[in-house]
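Numbered from 1 within each chain, the chains take letters A, B, ... in sequence-line order.
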Amino acid sequence: MDYRPSRMAVVAKCAEAFIREFFDQNPLSHVGLVTIKDGISHRLTEIGGSPESQINALMGKLECSGDSSLQNALELVNGYLNQIPSYGHKEVLFLYSALNTCDPGDIMETIEKCKKSKVRCSVIGLAAEIFICKHLCEETGGSYTVALDESHFKELLLEHAPPPPAIAEYAAANLIKMGFPQRGAEDLISICSCHKKIKSGAEGYICPRCKVNVCELPTECRTCGLTLVSSPHLARSYHHLFPVAPFDEVTFKLGQKGGQNCFGCQQSLINTGGQSNIHVRCPKCNHHFCFDCDIYIHESLHNCPGCESQRSSSR
Amino acid sequence: MTSAHSKLYSDDVSLVVVVVDTNPFFWAGAALPFADFLSHVLHFVNSLLLLSNLNHVVIIAAGVSSCAYVFDSGNAGASGAADVAETLGKASRKMEEFIKQDARETASNGTVADGGAASLFSGALSLALCYIQRIFRSGTRHPQPRILCLQGSPDGPEQYVAVMNSIFSAQRSMVPIDTCIVGTQDSAFLQQASYITGGVYMKPQELSGLFQYLAAVFATDLHSRTFLRLPKTLGVDFRASCFCHKKTIDMGYVCSVCLSIFCKYHKKCSTCGSEFSRVSMPDLNSLPDQRQ
């Protein structure tokens, strides 16, 4: 069950894949990294909105030593998460390989504190199931899973990338002021506020409030503090608001008109072997699809081609 | 942005899915008649098939009330790709049938407002992406897919979410979306699509020379594109439009629950119904020691 070349290397690699996937699914979220070593927890990177700084830290040399302390980690994380605005959902994900925790005080108190600050804690274990992790996850509403091998670990980790259903009481709904910057003019030369390098206006974006040059989006303007995003960042999450209805399974009946080819990819739905001719059908537009298109539509595309190809009365 | 990766197959074999706008409201008032436009496109399709006998072209028509597959070069009979007349004939006939069917559906469906009606591009893009996924599944030896959109009618704002979903899915599968605008106005959706997926966006000035534009810019496969200087769009407008008035804004308020955009402060979100409270500032006395 040993992870090759070493557990640390495997965890770092999977964490890098997770961070890329996480920012792909949640472009407006922030991630920070914390390590536990010799019983003390250290902050590896600041909580930020750009994947590059997190991945650079993971690529660096990470060493393991000493005991691990869940309580110290929770205290540190709690301190950092208390700084974020009230509309944000707070979450911690532990990648835990130890079989115990050496704490300076009563960990149950810390768990109560996390519960009060509405921090959702989840744990992915690499060794065996530990009671205290299970208790922590149950109390705070997170999920506890234990990996069986390397590919299972990656699968469990990537399951944490799509956002979980949000509990309404955990974060207040707020109207957040955001800016949608445009690219600057070609002939405008200015110094960008993030790297302090000279850049032409066309290579960066201009903050609509303070007119300063920023290099990439999404970011927070360093001068006036306005959150700057572009509309695709918000649009990436709209598919959660308008999900595709699950398709019904149907069997092919002889003499049935139409429905012989998958509407999406035009593949024939009639199995020449005469075996089970099951395929799927959208309950709203009644078009037939093959299983592969069904998986693609629900996991990646988030649009039903049949419903989009019809002009319904709501358009 | 997207670089072609070398494969076991041949680097320059491509699958082109052409999405043709057949909106009758637009073509009725267009400078170029639809029949001429169609002949430009079909000659372009033939030239693609002549470039390599492994090239694969699919045409999807985007109408006002429906979308459908019109032509698939993989279904051509044993005559081979070089039988020009047969390809043209088959495609024109199917296109005519589709347009008649679409017109019948539009007439029976009384909710379409004429003039500003948009084609169902979201449906056509979704069909194109499903077909491309089928090609990906057919094994490691497959052509490199790309999508070419020929659009003339204006964007339909009700299709925004569906079009953005298709764009992100195309970006993940590394399928570039090229656009050639055959109308008078630019399309913000397709500009964003081409920018995000790494495709080419072009609005030709002389529509009577459409075939030449298509053959010069859009005929090359993805691997050879790295050696060409293709038209670059100067500035894609990524500003959002507010949900209340649909006007473009550069600073607005975003609901933290459903991410809808408003231009003014509201007490309640009109999309998800959440009531807004004031933002609570973080407690500055509880900061842990900051390392410089």
Side-chain angles (χ1 to χ4, degrees), chain A residues 24 28 43 76 79-80 82-88 166 168 171-183 186 202 208-209 226 229-232 234-239 241-242 262-267 289 292-293 296-297 300-311 313 315, chain B residues 64-67 69 72 109 111-112 120 122-124 126-127 129-131 133-134 137 156 158-162 164-166 168-169 172 192 196 235 237-240 249-259 261-262 265-266 269 271 274-280 282-283 286-288 291:
Chain A
D24 198 51
L28 300 175
R43 178 178 65 180
L76 185 74
Y80 286 130
N82 277 335
Q83 293 172 48
I84 70 169
S86 59
Y87 51 77
N174 285 121
L175 267 185
I176 314 162
K177 197 165 169 99
M178 290 198 185
F180 301 97
Q182 277 187 293
R183 284 210 180 261
E186 276 276 345
R209 190 152 72 178
L226 182 65
V229 293
S230 68
S231 45
L234 298 175
R236 234 176 243 279
S237 308
Y238 286 157
H239 68 87
L241 299 174
F242 308 107
C262 167
F263 183 73
C265 62
Q266 301 290 295
Q267 206 169 30
F289 296 96
D292 299 307
C293 282
Y296 175 64
I297 288 168
S300 182
L301 186 57
H302 305 294
N303 279 345
C304 166
C307 298
E308 293 300 322
S309 307
Q310 271 176 351
R311 198 164 275 276
S313 51
R315 282 186 189 275
Chain B
V64 166
S65 307
S66 57
C67 302
Y69 284 88
D72 183 349
N109 185 351
T111 56
V112 173
L120 293 174
S122 54
S126 308
L127 286 176
L129 287 166
C130 284
Y131 189 89
Q133 287 300 311
R134 172 186 164 190
R137 287 194 296 268
E158 68 278 357
Q159 295 175 30
Y160 178 66
V161 179
M164 294 310 279
N165 283 340
S166 316
F168 296 133
S169 187
R172 271 184 101 137
Q192 292 193 19
I196 292 175
D237 194 355
F238 275 128
R239 285 180 303 177
I249 46 171
D250 54 10
M251 256 202 298
Y253 294 92
V254 175
C255 168
S256 65
V257 175
C258 63
L259 299 182
I261 307 167
F262 303 104
Y265 188 82
H266 290 244
C269 172
T271 319
S274 345
E275 307 242 340
F276 296 125
S277 53
R278 299 217 50 100
V279 180
S280 70
D283 184 4
S286 72
L287 284 176
R291 247 187 285 166

Notebook entry, point to check: Of all heavy-atom pairs between Ser126(B) and Asn303(A), which one has the smallest distance, and what is that distance?
Noted result: OG-ND2, 3.4 Å
Notebook entry, point to check: Within the distance-only criterion (no hydrogens, no angle test), does the side chain of Tyr69(B) pair as donor or acceptor with the backbone N or O of Gly264(A) below 3.5 angstrom?
Noted result: yes
Checklist line | Leading residue by heavy atom contact count with chain B [cutoff under 4.5 Å; candidates Pro232(A), Cys293(A), Ala235(A)] | finding: Pro232(A)
Next item on the list: Return the minimal non-hydrogen interatomic distance between Ile176(A) and Ser256(B), and the atom names on each side.
Entry: CD1-CB, 3.8 Å
Notebook entry, point to check: Does any heavy atom of chain B fall under 4.5 Å from the side chain of Phe263(A), the backbone, both, or neither of them?
Noted result: both
Next item on the list: Under the side chain to side chain donor-acceptor pair (under 3.5 Å) rule, collect the residues that match up with Ser231(A), sequence neighbours excluded.
Entry: none
Next item on the list: Sort Val257(B) into side chain, backbone, both or neither according to what part of it lies under 4.5 angstrom from a heavy atom of chain A.
Entry: side chain
Notebook entry, point to check: Do you know the tightest heavy-atom contact between Arg172(B) and Asp24(A)?
Noted result: NH1-OD2, 3.6 Å
Margin query: Test side chain to side chain contact (heavy atoms under 4.5 Å, CB included) on Leu226(A) and Met251(B); report intermediate values, then the result.
Written below: CA-CA 9 Å; Leu226(A) 182 65; Met251(B) 256 202 298; 3.7 Å; yes
Item checked: Top contributor to chain B contacts, counting heavy-atom pairs under 4.5 Å, from Arg209(A), Arg236(A), Gln267(A) -> Arg236(A)
Check: Side chains of Cys265(A) and Arg137(B): closer than 4.5 Å at any heavy-atom pair?
Finding: yes
Note to self: Shorter than 4.5 Å, heavy atoms on both sides: which option in Gly252(B), Cys269(B), Ser66(B) has the most such pairs with chain A?
What the structure shows: Gly252(B)
Next item on the list: Please round to the nearest 0.5 Å and tell me the distance separating atom CD of Gln159(B) and atom CD of Glu308(A).
Entry: 7.0 Å
Check: Are the side chains of Leu301(A) and Gln133(B) in touch, meaning some heavy atoms are under 4.5 Å apart?
Finding: no
Next item on the list: Would you mind telling me which of Phe262(B), Tyr160(B), Phe168(B) has the largest number of heavy-atom pairs within less than 4.5 Å of chain A?
Entry: Phe168(B)
Notebook entry, point to check: What distance do Leu127(B) atom CG and Gln266(A) atom CD have between them, rounded to the nearest 0.5 Å?
Noted result: 7.5 Å
Check: So do the side chains of Phe180(A) and Ile261(B) get within less than 4.5 Å of each other, counting heavy atoms only?
Finding: yes
Next item on the list: Please identify each residue that fulfils side chain to side chain donor-acceptor pair (under 3.5 Å) with Ser169(B), with sequence neighbours left out.
Entry: Tyr296(A), Ser300(A)
Item checked: Heavy-atom pair of closest approach, residues Gly123(B) and Ser309(A) -> CA-OG, 3.8 Å
Notebook entry, point to check: Relative to chain B, which segment of Gln182(A) carries a heavy atom at a distance below 4.5 Å: side chain, backbone, both, or neither?
Noted result: side chain
Notebook entry, point to check: For the candidates Gly179(A), Pro208(A), Pro181(A), which exhibits the highest count of non-hydrogen atom pairs separated by less than 4.5 Å from chain B?
Noted result: Pro208(A)
Notebook entry, point to check: Looking at Val254(B) and Met178(A), what are the two nearest heavy atoms and their distance?
Noted result: CG2-SD, 3.8 Å
Checklist line | Between CD1 on residue Ile297(A) and CG on residue Asn165(B), distance to nearest 0.5 Å | finding: 12.0 Å
Margin query: Any heavy-atom pair between the side chains of Leu259(B) and Leu28(A) that's under 4.5 Å?
Written below: yes
